[in-house]
Amino acid sequence: MAGGGGRPLRALNVAEKPSVAKAVSGILSKNPSSGGLRVREGRSRYNKIFEFNYAIQNQQFQMSFTSVTGHLMELEFEDRYRKWHSCDPVDLYHAPVRKHVPQDKSDIEKTLEEEARKCQWLILWLDCDREGENIAFEVVEACLRTNRNLNIWRARFSALIDREIHDAVQHLVRPNQLFADAVDVRQEIDLRIGASFTRFQTMLLKDAFVLDFATEERNVILSYGPCQFPTLGFVVERFWEIQSHEPEEFWTINCTHNSEEGTATFSWMRGHLFDYTCATIIYEMCVLEPNATVTNVRNQEKPRYPPHPLSTIELEKRASRYFRMSSEQTMKVAEDLYQAGFISYPRTETDSFSVRTDLHTIVQEQQGHPTWGSYAQRLLDPEAGLWRNPSSGGHDDKAHPPIHPTKFSAGESGWSQDHHKVYELVVRHFLACVSQPAIGAVTTVDIDIAGEQFSASGTVILAKNYLDVYRFETWGGSMIPTYNYGQQFTPTTLTLDSGVTRPPPLLSEADLLSCMDNAGIGTDATMHDHIKKLLDRFYATKDSNMRFSPTKLGEALVKGYDDMGYELWKPNLRAMMESDMKAVSMGTKRKSEVLDSCLQQMKACFVDARLNKEKLFEAMDVFFERSNRANGNEQQAIGEVVRKCGLCQESDMVLRKKPDGNFMVGCLGYPQCRNVVWLPGSVSEATVTTTICSTCSPGPVYMIQFKFRRLEIPPNYNVDHLGCIGGCDDTLRQLVEICGTGSRTTSSVPGRGQGHTSSSSSAQQSNYRDQGAWQTASSAWQTASGSHPSQSSRGRSARSQRAGGAPDGESSIPCTSCGASCNLRTANTEANKGRKFYSCQAQGCSFFVWEDNINSGGTAARGGGGRSASTTSRRGGRGRGSRGGGRTNDVAFVSATGEPISGRCFVCGEPGHFSNVCPCRGR
DNA sequence: GCAAGGTC
């Protein structure tokens with residue numbers, strides 16, 4: 001490589017950051033022949049220059065080792081295009097761009113120019129990833145300016161350990177232009193898309209609406225970026241999911257048994273059923289034959305493994321979960337600890353340790369800690385048997401090891417609480433990684449009551465092992481009494497309990513990081529920045545539980561683009577760019593080819609978005625008042641008061657006409673209160689009258705004079721109608737069922753409107769409690785329009801099976817819902833005594849059908865097909881009392897055994913002893 | 001005044 005001995009050459013070495021320059025210099029200068037490590041100032045106070053002698057392939061070198069701080073250069077538009085009003089934003093798709101060194105990096109650039117002039121070789125020690133390769137070429141450009149004859153080399157290393165570093169410098173390679181090209185592509189696309197959309201939507205919307213969050217001091221920017229927008233998309237999408245959730249009632253049977261040893265709680269193996277009739281039939285059978293028989297007792301040892309070594313994202317997620325610390329704060333603190341030498345480099349994707357890492361030494365350093373020192377000692381004691389080589393999480397960025405402690409500390413005087421917490425997490429996580437898994441004894445007891453299976457389990461920890469040091473995790477601790485196979489007992493309680501399906505929770509910071517990680521949004525070093533940007537831009541807020549909700553602004557922007565049919569707020573665009581970048585770095589696609597095609601597509605998208613800017617206006621109209629500064633004449637009326645809001649009980653509900661012509665009655669307390677009643681889509685005019693509804697309470701509820709579009713309502717309805725939104729108005733309810741509402745229904749992703757239509761969030765549930773009629777109306781409409789595919793297909797399959805004629809007299813038939821087997825059983829209830837029915841044996845399947853309905857082909861077999869029966873019964877008043885086949889609504893049941901069994905009456909829901917008829921008599 | 005990516 002070099003030309004043998006002789007006069008020493010001079011080599012300029014450049015690392016990505018000062019700490020690496022120092023660390024590598026330290027390693028390479030350990031040999032006495034280095035002449036020792038000298039350090040001198042460069043022009044930048046942060047980037048020192050280290051000097052020592054070193055031999056590469058037997059050629060002597062005088063080494064100068066300095067650093068940059070990340071990218072030396074930035075991409076920007078040429079001056080003519082820099083000012084926001086200097087050009088049409090669409091011009092930014094082909095405006096000339098240039099790379100330049102920003103002011104705060106010019107001293108580093110000068111150092112490089114000066115040092116390069118004195119050297120023959122340039123050795124690049126940038127991080128071994130695509131960004132590092134790009135920075136390498138930025139360094140090369142600066143150095144070549146003063147020395148065209150430099151011999152340019154790249155050192156490839158993945159960890160700051162002696163062997164690796166010596167190996168890298170002895171086997172230098174050339175820098176990889178393709179890797180750098182991929183980053184150039186990303187930079188240019190990000191800049192052009194980001195700048196064009198940001199300028200466009202900021203200038204379009206900022207002054208057109210009254211943005212109540214805006215303050216004088218702060219210039220409002222409605223930014224768009226290929227990472228920040230998909231991040232916002234995750235937040236909005238979950239929010240919409242919650243809004244559109246339709247609570248569905250389900251039923252489950254629970255059994256408990258008290259013995260001298262304690263209480264066992266058995267859960268039903270079927271889980272829960274949505275079919276009320278089916279659940280009550282089975283429940284009745286259990287109550288009438290309540291003897292439980294133990295059918296299986298299993299004792300198993302189960303390990304619980306410690307976590308993988310710690311990557312950046314895991315550190316952020318766990319700090320958020322354990323300490324409620326934001327990812328941004330976590331990274332700030334971790335950076336401090338890294339700078340002070342207490343932990344390793346905190347930006348790493350790697351979650352497995354190299355075999356060369358000296359794990360024992362790291363543990364040894366922690367032996368003196370007052371809290372976890374004794375655990376570290378046990379780990380090192382071979383007789384304790386606690387040590388276990390860490391697992392591999394399967395990720396390796398080839399640049400940095402997993403985050404681990406690098407220096408012992410029992411706490412420094414300058415540390416904040418957060419410093420203590422993050423250091424403790426890093427240390428405990430590391431100690432946990434090199435520990436044996438916890439071992440638990442899991443006991444599972446299965447019982448049979450009247451042919452139904454129930455199961456209870458308990459876990460006792462046999463050996464805590466890593467859990468001793470990893471105080472953030474807990475496990476087990478539930479005991480159950482001893483049971484033997486074949487043992488029989490009478491349950492202490494046997495209850496039929498109802499529940500309601502819940503919407504998913506808002507996204508936590510850990511959830512959001514996972515979404516971004518899975519979709520490839522951002523890098524481990526930037527994810528927390530994108531999250532923070534959402535907060536800075538007023539696109540999202542974080543509540544006291546560290547969960548994210550979109551703001552009106554965030555939701556409006558996403559809704560606007562969604563209404564245009566663009567998925568700009570979804571991660572697909574970034575994923576596409578990422579795969580193109582990969583192709584460029586592999587050499588399978590040319591840089592110019594990817595740039596041209598991507599920018600062409602994005603430009604077309606931009607032009608189209610601008611043509612459809614009305615969609616953005618409409619979306620903003622839902623949430624904001626128009627400003628007088630622009631389009632003042634389009635400002636909407638506040639609306640007339642219809643009634644006091646029954647949900648927040650503070651603000652008024654007012655009638656409003658949306659820009660798309662549809663009507664709604666919404667709470668003025670929005671966004672704190674999101675109560676809204678959507679009116680039929682066929683309304684052409686609506687005016688609040690002074691007439692007060694005589695039936696709805698709490699009043700006054702002012703009636704509304706409606707005019708409907710003739711062609712959009714059935715012939716037997718009048719176009720003029722004096723209606724009430726309080727819940728008493730059947731005509732209005734029927735028209736909602738028939739015509740739908742003015743809320744969004746076409747998109748696959750439910751928007752704010754649809755969420756309200758389908759009565760979802762907990763807030764709306766309480767709303768509908770005093771507007772019961774609306775709940776019935778909207779759920780019926782949802783069902784009629786087939787919003788539950790599983791439901792309608794189940795119904796269809798059940799009917800077709802019956803039409804084909806099930807064989808008569810057999811004791812089992814195939815389940816038309818899930819395909820498993822349905823056994824013939826006999827009802828024991830007073831009302832249906834002796835009547836036979838088939839019920840599916842599969843766990844979780846609620847299919848059930850009366851035998852006589854199969855034989856007759858009668859329509860009453862709607863009880864089969866699961867959910868449709870429960871939907872029907874709910875319409876008839878919360879399902880209670882309208883039982884199988886519609887035959888009975890007159891009596892409850894009587895226990896045939898005479899045993900005093902506790903439970904809840906399946907008709908009225910009251911607890912009681914069912915040796916007697918329930919006092920409600922089934923009504 | 002705009003992006004995302006480095007890092008101080």
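In what follows, chains are A, B, ... by sequence order, proteins preceding strands, each numbered from 1.
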Would you mind classifying the nucleic acid contact of A:Phe229 as base, sugar-phosphate or nothing, using non-hydrogen atoms under 4.0 angstrom? nothing
Residues within residues 83-113 of chain A bordering DNA chain B, heavy-atom distance below 4.0 Å: A:Trp84, A:His85, A:Lys105
Aromatic ring centroids of A:Phe342 and A:His419 under 6.0 Å? no
Side chains of A:Asn572 and A:Glu567 only: does a donor on one sit below 3.5 Å from an acceptor on the other? yes
Run the side chain to side chain donor-acceptor pair (under 3.5 Å) test against A:Asp580 and tell me which residues pass, sequence neighbours left out. A:Lys589
Distance-only donor-acceptor pairs under 3.5 Å for side chains of residues 94-101 of chain A, two or more places apart:
from     : atom 1 : to       : atom 2 : distance (Å)
A:His94  : NE2    : A:Lys603 : NZ     : 3.3
A:Arg98  : NH2    : A:Glu76  : OE2    : 2.7
A:Lys99  : NZ     : A:Asn134 : OD1    : 3.3
A:Lys99  : NZ     : A:Glu138 : OE2    : 3.4
A:Lys99  : NZ     : A:Asp184 : OD1    : 3.3
A:His100 : NE2    : A:Glu76  : OE1    : 3.2

Using a cut-off of strictly less than 4.0 Å, decide whether A:His71 has a side-chain nitrogen or oxygen near OP1 or OP2 of B:dA4. no
Compare side-chain N and O positions of A:Thr198 against OP1 and OP2 of B:dG1 and report whether any pair is under 4.0 Å apart. no
If I take atom CG in residue A:Leu75 and atom P in nucleotide B:dA4, what distance separates them, rounded to the nearest angstrom? 14 Å
What residues, two or more places apart in sequence or in another chain, satisfy ring pair (Phe, Tyr, Trp, His ring centres under 6.0 Å) together with A:His71? none
Toward the 5' end of DNA chain B, by each residue's nearest nucleotide, A:Pro226 or A:Thr202: A:Thr202
Could you tell me whether the side chain of A:Asp88 and the main chain of A:Asp91 form a donor-acceptor pair under 3.5 Å? no
Between B:dA3 atom C1' and A:Phe606 atom CZ, what is the distance in whole Å? 14 Å
Indicate, with yes or no, if the rings of A:Phe229 and A:Tyr224 have centres closer together than 6.0 Å. yes
Given A:Lys559 and A:Asp563, is the salt bridge (Lys or Arg N to Asp or Glu O under 4.0 Å) satisfied, shown in steps? CA-CA 6 Å; A:Lys559 179 170 155 45; A:Asp563 288 347; 3.1 Å; yes
Any pair counted as ring pair (Phe, Tyr, Trp, His ring centres under 6.0 Å), so long as it reaches residues 591-615 of chain A, sequence neighbours left out: A:Tyr93-A:Phe606, A:Phe197-A:Phe606, A:Phe200-A:Phe606
Send over the distance from A:Arg347 CZ to B:dT7 C1', rounded to a whole Å. 6 Å
Does anything in residues 180-192 of chain A reach DNA chain B, meaning a heavy atom under 4.0 Å, and if so which residues? A:Arg186, A:Gln187, A:Asp190, A:Leu191
What is the distance, rounded to the nearest whole Å, between atom CG of A:Leu222 and atom P of B:dA3? 11 Å
May I ask you to say what A:Gly522 touches in the nucleic acid, namely base, sugar-phosphate or nothing, with a heavy-atom cut-off under 4.0 Å? sugar-phosphate
Between A:Gln177 and A:Asp181, a side-chain donor and acceptor under 3.5 Å: yes
Would you please confirm or rule out a distance under 4.0 Å between OP1 or OP2 of B:dA3 and any side-chain N or O of A:Arg574? no
If each of A:Pro18 and A:Glu76 is mapped to the nucleotide of DNA chain B with the nearest heavy atom, which maps nearer the 5' terminus, i.e. the 5' end? A:Glu76
Rounded to whole angstroms, how far apart are CZ on A:Arg45 and C1' on B:dT7? 15 Å
Of the nucleotides B:dT7, B:dA3, B:dG1, which has the atom closest to the A:Lys206 side chain? B:dG1
Of the candidate nucleotides B:dA4, B:dA3, B:dT7, which contains the atom at the shortest distance from the side chain of A:His530? B:dA4
Ring centroid separation A:Phe430 to A:Phe353 under 6.0 Å: yes
Measuring from the side chain of A:Ala525 (C-beta onward, heavy atoms only), which nucleotide among B:dA4, B:dG1, B:dT7 has the closest atom? B:dT7
Taking only N and O in the side chain of A:Tyr81, is any of them less than 4.0 Å away from OP1 or OP2 of B:dC2? no
Starting at atom CE of A:Met581, determine the distance to atom C1' of B:dA3, rounded to an integer number of angstrom. 13 Å
Can you tell me the distance, in whole Å, between the CE atom of A:Met73 and the C1' atom of B:dG5? 15 Å
Have a look at A:Tyr224 and say if it touches a base, only the backbone sugar-phosphate, or nothing, with a 4.0 Å heavy-atom cut-off. sugar-phosphate
To the nearest Å, how far apart are A:Glu349 CD and B:dG5 P? 11 Å
Classify the nucleic acid contact of A:Ser196 as base, sugar-phosphate or nothing, counting any heavy atom under 4.0 Å across all strands shown. nothing
